[in-house]
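One structure is given here, and the rest of the page talks about it.
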Amino acid sequence: MFDHYLKSVMDTVIDGLLIIDAEGSIEAFNPAAERIFGYSQADVLGKNVKMLMPEPYHAGHDGYLSNYLATGEKKIIGIGRFVSGRRRDGTVFPMELGVNEMCIVGARRFVGTIRDVSEWEEAERRAREEAAHTKAIMNTVLAGVITIDQKGIIQTFNPAASRIFGYELEEVLGLNVKILMPEPYHGGHDGFLLNYMHGGAAKVIGLGREVHARRKDGSLFPIELGVNEMHVVGKRLFVGTVRDITQRKNAEAAIADYIAALSHSNQELDDFAYIASHDLKEPLRGLSNNAMFLREDFGDVLGAAGGKRLARIAYLCGRMDRLVNDLLYFARLGRQELAIRKTDLNDVIADIALTLESTLEEANAKIIVAEPLPVIVCDTTRITEVFRNLVSNAIKYNDKAEKRIEIGCGVAERGRIYHVRDNGIGIDREFHQDVFRIFKRLNEEDDKVKGTGVGLTFVKKIIERHGGEIWIESEPGHGSTFFFSLNSLQEA
Ligand code: ADP
């Protein structure tokens with residue numbers, strides 16, 4: 001009965017069990033041992049146990065056993081050790097071995113328990129590798145990485161953090177993270193953490209923010225801070241990533257200064273153009289008047305040739321006056337505040353259709369608005385001017401018998417994009433920018449088409465004053481489409 005009981009224990013235990021006699025011959029070998037070593041009981045019974053051992057245990061075992069029997073000196077017996085085993089197929093594996101001595105009917109026997117720890121060792125190796133990997137990442141990332149516990153005490157501080165803050169790892173480990181913060185964060189941090197730990201709202205955790213930090217030398221600098229909470233072996237920790245954004249902030253400040261200087265000099269240019277053109281009008285009027293007086297008072301003396309010259313002067317004065325007026329108007333566009341209000345663009349187009357009614361009829365041109373246009377916030381008069389200019393150009397630069405002018409609005413990633421499309425003569429790609437230059441005309445030799453080359457310059461200026469952009473898609477002979485955005489001011 002007891003034998004049966006023992007046998008079933010031997011058969012069911014998870015660990016390998018084997019019994020050897022004083023010479024090392026295997027007397028018992030349970031199923032778990034069979035599984036671990038790949039030998040069947042029949043293969044090993046009566047054989048020396050060293051067959052299950054790789055070198056150096058294999059060669060040393062006989063000597064070890066006889067030495068123990070002679071001197072009682074124990075190396076494994078009663079202690080347990082990690083050693084290597086050898087499977088039937090020759091492979092060597094790590095195992096935990098426990099050996100105890102027993103005495104059965106006067107004869108000494110040794111019982112060994114064996115546990116294959118390959119998997120456990122593999123898991124440990126992986127854990128070691130992972131730790132090394134994590135450490136390598138922490139050592140090489142450009143961002144400073146700092147972990148703190150619930151009380152704000154620094155647990156880890158990577159080399160980038162050292163570089164950023166000027167502290168060595170040993171100097172900060174165990175200190176409160178607030179040493180890296182200037183006021184008011186310094187004074188508030190403990191309270192903030194405490195509040196957060198008791199369910200308060202997160203201010204930085206999980207969000208990321210731009211804040212100021214303090215270096216070891218006391219200097220302050222801007223950082224981008226990201227904080228996340230993590231749980232490591234039951235402990236609640238916070239990991240912060242820190243990026244020194246001094247350079248970016250400096251660059252942003254430089255750009256802001258540059259923009260301010262640029263808009264100042266733009267303003268000065270507009271002022272200059274306004275004053276200069278205003279002042280030019282006075283002598284111009286004098287010139288024109290004097291030419292008129294000359295013709296009235298001395299017309300007969302000057303004769304037909306002289307009269308022709310005077311007429312030419314009067315014509316040029318008139319032309320100069322128009323140019324100066326355009327310049328004056330252009331400068332005014334840059335100087336005057338926009339009169340912003342809610343504007344229904346459908347009304348704007350209806351108004352243009354009405355003003356240009358006879359021109360449209362004469363040219364056999366049609367304005368087509370497929371979808372209703374939105375109601376937006378803008379300077380109504382100026383935006384009407386934009387559409388009127390684009391529509392009259394679409395009529396002017398069009399050689400088709402039936403002229404089509406399509407007006408529409410689409411929504412793109414950057415906001416609403418308006419367009420005015422015609423089936424006219426088109427514009428060569430190389431002039432797509434030129435047409436917006438003041439007094440620039442592409443078809444000057446074509447006398448049928450009257451213009452001064454300022455319409456699109458005004459259009460561009462008005463659009464830019466509304467925070468938008470204008471661009472063209474066009475090929476000669478295939479019509480033109482003028483696209484524009486009005487950005488920030490367009491939502492009603
Ligand atoms: P203007 O019409 O007084 O010449 P604009 O500034 O309105 O001045 O236009 C500049 C030039 O751009 C025009 O002279 C013309 O050559 C070209 N242009 C403008 N709109 C169109 C269009 N819809 N199709 C073809 N060419 C155009």
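Here the structure is a predicted model, which is why all the values come from computation and not from measurement.
You'll find the ring centres of Phe387 and Phe484 inside the 6.0 Å limit.
Around the CZ atom of Arg243, the shell of radius 6.0 Å holds no more than 12 heavy atoms that belong to other residues, nucleotides or ligands. The number of heavy-atom neighbours closer than 6.0 Å to CZ of Phe272, taken from other residues, nucleotides and ligands shown, is 12 or below.
Considering every non-hydrogen atom in both Leu345 and Tyr418, the closest pair reads CD1-CE2, 3.5 Å. Annotation for Val242 and Ile164: closest pair O-CD1, 3.6 Å, computed over non-hydrogen atoms. Smallest separation of non-hydrogen atoms from Ile417 and Ala412: CG1-CB, 3.8 Å. Annotation for Arg416 and Cys409: closest pair CD-SG, 3.7 Å, computed over non-hydrogen atoms. Pairing each heavy atom of Asp428 with each of His432, the nearest pair is O-CD2, 3.2 Å. Between Pro476 and Ile427, the closest heavy-atom pair is CD-O, 3.8 Å.
Inter-residue side-chain proximity for Ser84 and Pro94 is flagged as unmet; no heavy-atom pair is nearer than 4.5 Å. Annotation: side chain of Phe293 is not in contact with side chain of Ser288 (no heavy-atom distance under 4.5 Å).
Lys461 and Glu464 are not joined by a salt bridge, as no carboxylate oxygen comes within less than 4.0 angstrom of a charged side-chain nitrogen.
Residues satisfying the ring-ring contact (aromatic ring centres under 6.0 Å, His included) criterion with Phe221, sequence neighbours excluded, are Phe165. Not counting sequence neighbours, the partners of Tyr329 by the ring-ring contact (aromatic ring centres under 6.0 Å, His included) test are Phe458.
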Check step by step if side-chain contact (heavy atoms from CB on, under 4.5 Å) holds for Asp149 and Ile154. CA-CA 7 Å; Asp149 68 8; Ile154 298 174; over 6 Å; no
Could you walk me through whether Asp422 and Tyr397 pass side-chain contact (heavy atoms from CB on, under 4.5 Å), step by step? CA-CA 9 Å; Asp422 63 52; Tyr397 303 103; over 6 Å; no
Salt bridge (Lys or Arg N to Asp or Glu O under 4.0 Å) between Arg126 and Glu129, intermediate numbers included: CA-CA 5 Å; Arg126 265 209 303 274; Glu129 239 178 57; over 6 Å; no
Please test Thr381 against Asp379 for side-chain contact (heavy atoms from CB on, under 4.5 Å), starting from the C-alpha separation and ending with a verdict. CA-CA 6 Å; Thr381 318; Asp379 183 324; 3.8 Å; yes
Test side-chain contact (heavy atoms from CB on, under 4.5 Å) applied to Leu328 and Lys281, step by step: CA-CA 10 Å; Leu328 201 60; Lys281 283 183 79 72; 4.1 Å; yes
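Inspection of the Asn398 and Asn423 side chains reveals an N or O donor paired with an N or O acceptor under 3.5 Å. A side-chain donor from one of Ser219 and Arg215 sits under 3.5 Å from a side-chain acceptor of the other.
Ring geometry, Phe483 versus Trp471: the interplanar angle falls under 30°, so the pair is classed parallel (tilted spans 30 to 60°).
Partner of Phe93 under the side chain to side chain contact (heavy atoms under 4.5 Å, CB included) criterion, chosen from Arg87, Glu119, Glu121: Arg87.
Here the straight-line distance linking atom CZ of Arg465 with atom CG of Leu333 works out to 8.0 Å at 0.5 Å rounding. Taken from CD1 in Ile352 to CD1 in Ile407, the straight-line distance is 6.5 Å, to the nearest 0.5 Å. Note that CG of Asn139 and CG of Asn158 are 7.0 Å apart. Values are rounded to the nearest 0.5 Å.
A cation-pi contact, defined as under 6.0 Å to the ring centre and within 45° of the axis, links Arg335 to Tyr274.
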